[in-house]
Amino acid sequence: MALTEQEQIRRDHLDALRAAGVEPFPADAWPTTHAAADVLDAFDDARHQPGEDGEPATEPFRATIAGRMMTKRVMGKAAFFHLADESGQIQIYVRRDDLPEGFYNTVFKKLLDPGDWLGIEGEVFRTKMGEVSVRAENLVLLAKSLRPLPVEKEAVDPETGETRRFNEVSDPEFRYRQRYADLALHPEVRDVFRTRHRVVRTIQGFLDEQGYVEVETPVLQPLYGGAAARPFTTHHNALDMPLFLRIADELYLKRLLVGGFEGVYEIAKDFRNEGLSRFHNPEFTMLELYVAFRDYDWMMGLVERMLEAVAVAATGSADVARTIDGQTHTLRFAAPFRRVPIFDAIAQATGHHLYRDGAVAGRDEIAGVARQLGLEVDDSMGAGKLIDEIFGEAVEPTLIQPTFVTDYPVELSPLAKRHRTKPGLVERFELIAGGKELCNAFSELNDPLDQRARLEEQARLAAGGDDEATREIDEDFLRALEYGMPPAAGLGVGIDRLTMMMTNQSSIRDVLLFPLLRPETISADDIPDGTIRVVELASGGWRVLARVNGGNKSETFRESEVEAVEFAEWLLEQGGYDRLTMSS
RNA sequence: GCCCCUAUAGCUCAGUUGGUUAGAGCAGCGGACUCUUAAUCCGCGUGUCCCAGGUUCGAGUCCUGGUGGGGGCACCA
């Protein structure tokens with residue numbers, strides 16, 4: 001691999017450390033007494049601060065800490081740097097004469113670099129400039145950093161009192177591809193994932209308290225179902241059979257209701273083979289919950305209480321700040337949330353009552369309203385689809401405060417029970433907040449004959465070329481339903497989008513530690529010396545990469561893999577190379 | 001799949017109408033400095049200007065095609 005000058009210098013430092021008898025990757029543990037933030041919290045000037053003239057503190061405050069060296073300010077025989085651990089940063093004061101003979105000049109000044117993990121032991125004090133710091137009496141290298149972390153600097157603006165950051169890494173690609181560096185540099189990014197952890201834990205704690213059981217159902221499924229989406233497919237060798245990564249876990253959780261569990265939930269990774277966007281990642285986390293003997297009305301009450309608990313856990317209060325189109329709103333996740341039937345919401349927004357006298361308006365009337373709103377209408381769109389479009393255009397973006405939208409047209413909701421009093425509608429709600437859907441819930445369909453009819457309709461769609469419809473009927477699921485599934489309320493919550501809401505992030509990539517990106521392109525710099533490699537290009541074609549004695553060769557073949565391989569083999573025969581590898 | 005924006009040093013960015021040897025700050029290297037904090041001061045420029053073609057006497061700059069990334073649309077019960 002080609003090393004940058006700075007990478008080479010750090011490797012030189014590594015060798016020099018070993019030569020000086022300092023192990024760069026020691027095995028010894030370094031048990032700490034404090035986190036950086038604990039030291040800052042606990043410091044008390046009256047008891048811990050030494051006197052001006054070398055007078056010892058009335059109660060010296062000794063601490064052993066560990067972290068990453070972030071900055072280094074050397075002033076001859078003394079130096080300062082900041083040490084960052086998970087809790088925050090604390091300044092370290094180093095003096096030549098506090099350390100063993102020669103260590104400061106030959107090791108600390110020359111061979112330790114920003115990014116190195118250090119252990120510090122010493123007394124806590126406040127500097128003349130007023131910053132609580134640790135005076136290092138023992139300084140130990142815990143792990144050497146061989147790759148320079150980008151350096152960002154901070155300063156407090158004297159007028160506003162706000163901390164400004166300079167040279168901040170702004171390239172999103174760098175941040176997502178090298179999340180480890182992003183996290184090391186940006187405590188606030190770590191905070192997002194701590195909040196995500198609290199969101200999940202709060203939900204689990206809340207549901208556990210109700211007596212519900214968290215379960216694990218198969219990720220690898222012989223048939224996929226429970227949603228409409230294209231699946232990822234894979235293959236099991238020993239059984240020689242295709243398998244699908246789940247697109248939902250609904251059908252397995254319902255089997256558990258049949259089996260006698262009265263409240264089950266799963267926080268699951270689902271996988272959908274679809275596009276990427278600010279709101280979509282091919283693998284994402286979904287909460288699904290099913291509770292026997294309850295209905296969607298009851299479920300709204302549970303969601304209100306659960307999300308209030310989540311908001312408090314995530315932000316400290318039920319009021320959550322949310323930036324939408326550059327405007328900051330305060331979303332109140334305090335029960336009860338507003339409830340509005342979808343047709344009432346549409347009527348308020350458009351003036352058109354499309355559900356009258358116990359029936360949904362005619363398709364032509366609905367299409368007319370859609371056209372008035374500037375929506376494109378084509379003949380394939382049914383009444384249900386048009387209602388959905390009108391809602392999405394005219395209502396959804398206006399629902400900033402958490403709002404339950406209820407009683408959808410039956411065509412939109414094949415898995416929900418028909419409404420007990422309103423013909424043509426189903427018992428379903430979505431929770432909308434900040435103009436986006438957060439939850440989807442039904443009174444669940446438990447009639448096995450009706451369910452069979454609907455799955456058969458799906459299979460017909462699949463045969464007709466709809467690649468999001470499930471091709472095969474899940475006979476085992478129907479067999480389970482035939483034994484009898486209790487009436488139940490079901491809920492789905494997108495955990496990623498909920499976390500976006502609670503942390504005020506605008507992209508799903510900012511709440512996923514490792515969002516999916518296209519693979520990095522390999523260049524000749526990235527392969528070991530003395531090797532030749534043939535790589536297939538995402539853009540089509542093949543490239544032969546060769547590297548010997550630091551010299552690179554790169555040759556692209558658009559048309560033929562055979563030509564590329566023949567060229568690589570010819571190159572190998574010319575000598576100087578000892579290896580030819582193929583990579584996909 | 002379509003549209004817009006974008007890619008220059010490890011990081012953040014300049015780079016004029018196409019002009020000869022591509023710049024700055026930070027980081028790094030050498031030196032000074034025992035309370036600094038975007039430390040300071042002196043000296044040093046480290047590069048596949050995303051890739052491949054093309055136009056031109058001459059391309060970081062213009063054109064065509066491609067790739068990565070961001071945003072929007074479409075898709076997503």
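Lettering of chains follows the sequences in order, A, B, ..., and the numbering in each one begins at 1.
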Taking any strand in view, what nucleotide pairs with [N] in a Watson-Crick or G-U wobble way, both distances under 3.5 Å?
{"N": "B:rG23", "value": "B:rC13"}
{"N": "B:rG45", "value": "none"}
{"N": "B:rG65", "value": "B:rC51"}
{"N": "B:rA39", "value": "none"}

Between [N] and [M], how far is it from one [atom1] atom to the other, in whole Å?
{"N": "B:rA22", "M": "B:rU37", "atom1": "P", "answer": "37 Å"}
{"N": "B:rU40", "M": "B:rC50", "atom1": "P", "answer": "31 Å"}
{"N": "B:rG23", "M": "B:rU48", "atom1": "P", "answer": "16 Å"}
{"N": "B:rC33", "M": "B:rC42", "atom1": "C1'", "answer": "12 Å"}
{"N": "B:rU8", "M": "B:rU61", "atom1": "C1'", "answer": "11 Å"}
{"N": "B:rC63", "M": "B:rU56", "atom1": "C1'", "answer": "12 Å"}
{"N": "B:rA27", "M": "B:rC44", "atom1": "C1'", "answer": "14 Å"}
{"N": "B:rC57", "M": "B:rC11", "atom1": "C1'", "answer": "38 Å"}

Could you tell me whether [X] sits above the aromatic face of [Y], with NZ or CZ closer than 6.0 angstrom to the six-membered ring centre and within 45 degrees of the axis?
{"X": "A:K77", "Y": "A:Y104", "result": "no"}
{"X": "A:K72", "Y": "A:F108", "result": "yes"}
{"X": "A:R428", "Y": "A:Y408", "result": "yes"}

Test of understanding: with side-chain contact (heavy atoms from CB on, under 4.5 Å), list the residues that count as partners of A:V410, not counting sequence neighbours.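 A:V410 satisfies side-chain contact (heavy atoms from CB on, under 4.5 Å) with A:R418, A:V426 once adjacent residues are dropped.
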
Both A:S506 and A:R497 contact RNA chain B. Taking the nearest nucleotide for each, which residue is further toward the 5' end?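 It is A:S506, whose closest nucleotide lies nearer the 5' terminus.
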
To the nearest Å, give me how far apart [atom1] ([X]) and [atom2] ([N]) are.
{"X": "A:R509", "N": "B:rG69", "atom1": "CZ", "atom2": "C1'", "answer": "9 Å"}
{"X": "A:D171", "N": "B:rC13", "atom1": "CG", "atom2": "P", "answer": "9 Å"}
{"X": "A:D182", "N": "B:rC11", "atom1": "CG", "atom2": "P", "answer": "14 Å"}
{"X": "A:K385", "N": "B:rA77", "atom1": "NZ", "atom2": "C1'", "answer": "9 Å"}
{"X": "A:Q6", "N": "B:rC44", "atom1": "CD", "atom2": "P", "answer": "18 Å"}
{"X": "A:I508", "N": "B:rG71", "atom1": "CD1", "atom2": "P", "answer": "12 Å"}
{"X": "A:N105", "N": "B:rG31", "atom1": "CG", "atom2": "C1'", "answer": "13 Å"}
{"X": "A:E173", "N": "B:rG71", "atom1": "CD", "atom2": "P", "answer": "12 Å"}

What N/O pairs connect the protein and nucleotides 3-6 of chain B at under 3.5 Å? Give each pair on its own line.
none

Kindly point out which of [options] is positioned nearest to the side chain of [X]?
{"X": "A:H280", "options": "B:rC75, B:rG31, B:rG71", "answer": "B:rC75"}
{"X": "A:L517", "options": "B:rG69, B:rG30, B:rU12", "answer": "B:rG69"}
{"X": "A:R278", "options": "B:rG72, B:rG69, B:rC11", "answer": "B:rG72"}
{"X": "A:R177", "options": "B:rC13, B:rG69, B:rG10", "answer": "B:rG69"}
{"X": "A:S507", "options": "B:rU46, B:rA77, B:rG71", "answer": "B:rG71"}

N/O donor-acceptor pair under 3.5 Å between A:N281 side chain and A:L516 backbone: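 Answer holds: yes.
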
Looking at CG of A:L445 and NZ of A:K417, how far apart are the two atoms once the value is rounded to the nearest 0.5 Å?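 Going from CG on A:L445 over to NZ on A:K417, the span is 8.0 Å.
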
Taking A:K254 first and then A:E250, would you say they form a salt bridge - that is, a charged N and a carboxylate O separated by under 4.0 Å?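 Here A:K254 pairs with A:E250 in a salt bridge, since their nearest N and O are under 4.0 Å apart.
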
Report yes if at least one side-chain N or O of A:K110 is closer than 4.0 Å to OP1 or OP2 of B:rG31; otherwise report no.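 The answer is yes; a side-chain N or O of A:K110 sits under 4.0 Å from OP1 or OP2.
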
In this structure, is the centre-to-centre distance between the rings of A:F442 and A:Y296 below 6.0 Å?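 No, too far apart.
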
Filter on side-chain hydrogen bond (donor to acceptor under 3.5 Å, both in side chains), then keep only pairs touching residues 506-515 of chain A, sequence neighbours left out; what's left?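 Residue pairs with at least one partner in residues 506-515 of chain A: A:Y176-A:D510.
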
ring-ring contact (aromatic ring centres under 6.0 Å, His included) against A:Y355, all qualifying residues, sequence neighbours excluded: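 Residues passing ring-ring contact (aromatic ring centres under 6.0 Å, His included) with A:Y355: A:F343.
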
Partner set under salt bridge (Lys or Arg N to Asp or Glu O under 4.0 Å) for A:D388, not counting sequence neighbours: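 Salt bridge (Lys or Arg N to Asp or Glu O under 4.0 Å) list for A:D388, sorted by chain: empty.
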
Tell me, for nucleotides 33-41 of chain B in 5' to 3' order, what letter each nucleotide earns: B for a base near a protein heavy atom under 4.0 Å, S for only sugar-phosphate near one, - for neither? BBBBBBB--

